[in-house]
Amino acid sequence: MKVLLVGSGGREHALAWKMMQSPQCETLYAAPGNPGITADGGQCVDLAADDIEGIVEFAKSNGVKLVVVGPEVPLAAGLGDAVRDAGLLCFGPTAEGARIESDKAYAKMLMQHVSLPTAEARIFTDLDAAKAYVLSRDHGIAVKASGLAAGKGVFVCPEPYQAIKPLEDIMGSKVFGKAGETVVIEEMLTGQEGSVLALCDGRNIYPLEALQDHKPIGEGDTGLNSGGMGAYSPVPIIDDAMMTHIEREILVPIIDAMRRDFGRYEGLLYAGLMFTPAGPKVIEFNCRFGDPECQPLMMRLKSDLLEILTATAEHRLDKVTIEWDPRPSVCVVMSSAGYPEAYKNGFEITGIADADAIEDVKVFHAGTAMRNDKLVTNGGRVLGVTAIGDTLEEAQEKAYGAVTKIQWQGAYWRSDIGDKAISETK
Ligand code: AMP
Ligand code: GLY
């Protein structure tokens with residue numbers, strides 16, 4: 001079958017790589033894709049991920065059966081609806097479903113409605129009222145732009161006064177535009193974080209292996225939040241009993257709440273959790289695979305991804321069994337100097353072939369481009385260097401061994417991806 005994958009990041013390269021291993025995959029198109037997807041045999045199409053009309057037209061006129069949507073922006077803009085209206089299969093929710101991510105105020109209200117374990121929160125549309133509220137607090141808080149901000153719209157403030165500047169930036173200077181018209185202010189939680197992703201076909205849910213992301217740019221979880229600087233799986237703190245608890249207390253209730261609100265939720269539901277002393281609490285929901293989480297996840301997937309995504313889109317997830325490689329995997333993100341703030345593109349990248357040649361290593365492209373036959377940097381997060389090994393230490397060693405083979409001017413990475421799990425199991 002022919003499949004069209006929408007997006008261009010590391011998540012999409014990992015999904016493409018895995019789908020192309022399926023015997024059912026005749027052609028994998030990617031809109032717009034990236035040079036890593038091309039190198040693995042995919043056909044990149046010059047269409048932006050949010051060009052809804054162009055994507056639907058291309059899919060119809062090229063005999064595409066399934067459209068798999070990677071990022072949240074086209075989902076929130078209604079790509080999932082347009083693909084279904086055209087009579088094609090879609091992996092990804094409708095715009096109503098995507099609101100669980102694209103409208104944090106809505107997500108919080110839905111969570112409160114079903115008493116889901118999550119941070120206490122208040123919602124504001126007025127800057128002065130928001131400022132007065134934070135100054136009345138005596139505990140740490142998190143300030144969040146309600147709309148989509150590429151993972152950069154959240155500010156964790158251990159002291160309430162620290163929230164004034166982000167509030168002024170978001171609501172006063174409108175640094176995130178309309179995404180910051182409404183702000184969610186919630187209590188600051190503490191604990192380790194984990195990501196639990198589940199496939200949803202509208203009737204059944206199928207939780208996948210748990211992962212842990214590393215959001216802050218700096219080692220030891222310091223500095224600004226990024227889209228994610230590395231991830232690993234499995235996660236020692238999320239054992240089978242914890243997974244059952246999360247499914248029962250978090251995933252099922254939120255899917256039921258969405259069903260009552262607008263109908264069936266289909267695609268991938270991502271729960272970002274914090275393991276507090278009072279148990280796991282929801283930090284956020286996303287309507288798509290996490291990035292970089294998707295990269296170590298695909299490294300561990302043994303089953304046919306194309307079949308799994310098709311079964312989800314065809315509402316027959318109950319007939320699917322997913323097999324995982326029990327070995328741990330680690331993904332180290334290599335980023336441009338300056339990210340998550342301003343950075344420059346266009347630096348030549350060398351050494352990927354040497355890194356890829358290491359056994360059990362796969363280098364996923366995220367922000368790369370071809371210029372005059374040379375591979376150059378073209379984004380904040382540039383590569384996801386991913387490895388699998390008998391132990392987490394071994395996977396980590398292989399991933400970092402591969403990282404050192406790769407060069408460009410200003411390449412940056414965190415050298416502590418996976419350390420938390422290793423210290424946990426010692
Ligand atoms: P989000 O985009 O909502 O996942 O937030 C990004 C990051 O900010 C999370 O991964 C957490 O590290 C942090 N964060 C968000 N909400 C809170 C909270 N209520 N308490 C503490 N940290 C938070
Ligand atoms: N890595 C976090 C996310 O994809 O939202």
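Counting convention: from 1, in listed order, for ligands and their atoms alike.
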Between Lys398 and Glu359, is the closest basic N to carboxylate O distance under 4.0 Å? no
Please list the nearest protein heavy atom to atom 2 (O) of ligand 1 with its residue and the distance rounded to 0.1 Å. Glu284 OE1, 3.3 Å
Take the angle between the ring planes of Phe364 and Trp17 and call it parallel below 30°, perpendicular above 60°, tilted in between. perpendicular
List every atom of ligand 2 that sits less than 4.0 Å from any heavy atom of Arg288, numbering the atoms from 1 in the order shown and giving each element. 3 (C), 4 (O), 5 (O)
Considering only heavy atoms, does Lys144 approach ligand 1 within less than 4.0 Å through its side chain, its backbone, both, or neither? side chain
Heavy-atom nearest pair, Ala355 first then Val361, reads O-CG1, 3.4 Å
Are Tyr339 and Tyr412 an aromatic pair by the rule of ring centers under 6.0 Å? no
For ligand 2, which atoms sit closer than 4.0 Å to a heavy atom of Glu293? 1 (N), 2 (C), 4 (O)
Closer than 4.0 Å to some heavy atom of Gly227 - which atoms of ligand 2 meet that? 1 (N), 2 (C)
Any idea which atoms of ligand 2 are less than 4.0 Å away from a heavy-atom of Lys215? 2 (C)
One finds that the ligand 2 atoms under 4.0 Å from a non-hydrogen atom of Gly290 are 4 (O)
Region of Phe289 that comes within reach of ligand 2 [heavy atoms, distance under 4.0 Å]: neither
Among protein heavy atoms, which lies nearest atom 23 (C) of ligand 1, and at what distance? Val156 CG2, 3.7 Å
What residue and atom, counting heavy atoms only, is the protein's closest point to atom 20 (N) of ligand 1, and at what distance? Leu189 N, 2.8 Å
What residue and atom, counting heavy atoms only, is the protein's closest point to atom 2 (C) of ligand 2, and at what distance? Asp213 OD2, 3.4 Å
Answer yes when Lys362 and Asp40 have at least one side-chain N-carboxylate O distance shorter than 4.0 Å, and no when they do not. yes
Do Arg11 and Phe289 meet the cation-pi criteria used here (NZ or CZ under 6.0 Å from the six-membered ring centre, within 45° of the axis)? no
Trace of the side-chain hydrogen bond (donor to acceptor under 3.5 Å, both in side chains) decision for Tyr106 with Asp261: CA-CA 11 Å; Tyr106 165 77; Asp261 195 45; 2.5 Å; yes
